[in-house]
Amino acid sequence: MRQESGRSMIEMIGVLAIMMALTATAVATYNYAMNMQKRSTVNENVTNIVTGVRELLKGYDDFSNIDNSTIFAAMSMSNKNPYGGTYELSVNPSNTRQFIVRINGLSKADCEALTTKAWTDSVGYIASNHKESGATGNCIDGNTNVVSITYGEQ
């Protein structure tokens, strides 16, 4: 009798199971890293937008002159966000000394993450004595969620 060498079907299934587990872990880690990068980019972009608006409109008594296209063009910045949505600027209708930055096109998870993040220079964060995030959002299923953050004077 000859001794056959080779791999059994059980061994091959075991190897495939291990490879699938490693691949699933790698994909999950990659997705997590990409989400964290997008959130970091949004944070940087909002900080740049707020700084730009304040700089561009510092000679005015209020923010009633906010115009999205003019502001983004003056800052040489796109209004597109990493989630495929946009950033929008508007004056707070109840207080023209405040402006609102809106982040559109968010998934429920990203909306919740950005709504609970501490926006340290926002009106809501400062007014709550650093207890609330400063952002608002109605986070539901889908990719149409919006987070709003108000900046300006109290």
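Model, not experiment: these values are computed from the prediction.
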Query raised in the report: Are L57 and N65 close enough that some pair of their side-chain heavy atoms sits under 4.5 Å apart?
Result: yes
Report task. State, yes or no, whether a side-chain contact exists between Y60 and I66 at a heavy-atom distance under 4.5 Å. Result -> no
Shared hydrophobic cluster, [X] / [Y] (ILVMFWY, side-chain heavy atoms < 4.5 Å):
X    : Y    : answer
I71  : Y151 : yes
Y125 : I149 : no
F63  : Y87  : yes
V147 : I126 : no
I103 : F72  : yes

Expected output: side-chain [X] to main-chain [Y] donor-acceptor under 3.5 Å:
X    : Y    : answer
N143 : G105 : no
W119 : L114 : yes
N145 : L106 : yes

Query - K117 and S133: CA distance, side-chain angles, deciding distance, side chain to side chain contact (heavy atoms under 4.5 Å, CB included) verdict - result: CA-CA 6 Å; K117 177 198 175 311; S133 75; 5.7 Å; no
Is [X] atom [atom1] crowded by more than 12 heavy atoms from other residues, nucleotides or ligands, each under 6.0 Å away?
X    : atom1 : value
M77  : CE    : yes
D61  : CG    : no
L22  : CG    : yes
E132 : CD    : no

Kindly compute the distance separating [atom1] ([X]) from [atom2] ([Y]), expressed to the nearest 0.5 Å.
X    : Y    : atom1 : atom2 : value
I140 : S107 : CD1   : OG    : 12.0 Å
N31  : M36  : CG    : CE    : 13.5 Å
N68  : S90  : CG    : OG    : 7.5 Å
K108 : C139 : NZ    : SG    : 8.5 Å
N48  : S76  : CG    : OG    : 11.5 Å

Query - Residue pairs passing the salt bridge (charged side-chain N to carboxylate O under 4.0 Å, His left out) test where at least one lies in residues 137-154, sequence neighbours excluded - result: R97-E153
Query raised in the report: Using a side-chain heavy atom cutoff under 4.5 Å and only I, L, V, M, F, W and Y, what cluster partners does M34 have?
Result: Y30
Query raised in the report: Between the side chains of N104 and T86, is a donor N or O closer than 3.5 angstrom to an acceptor N or O?
Result: yes
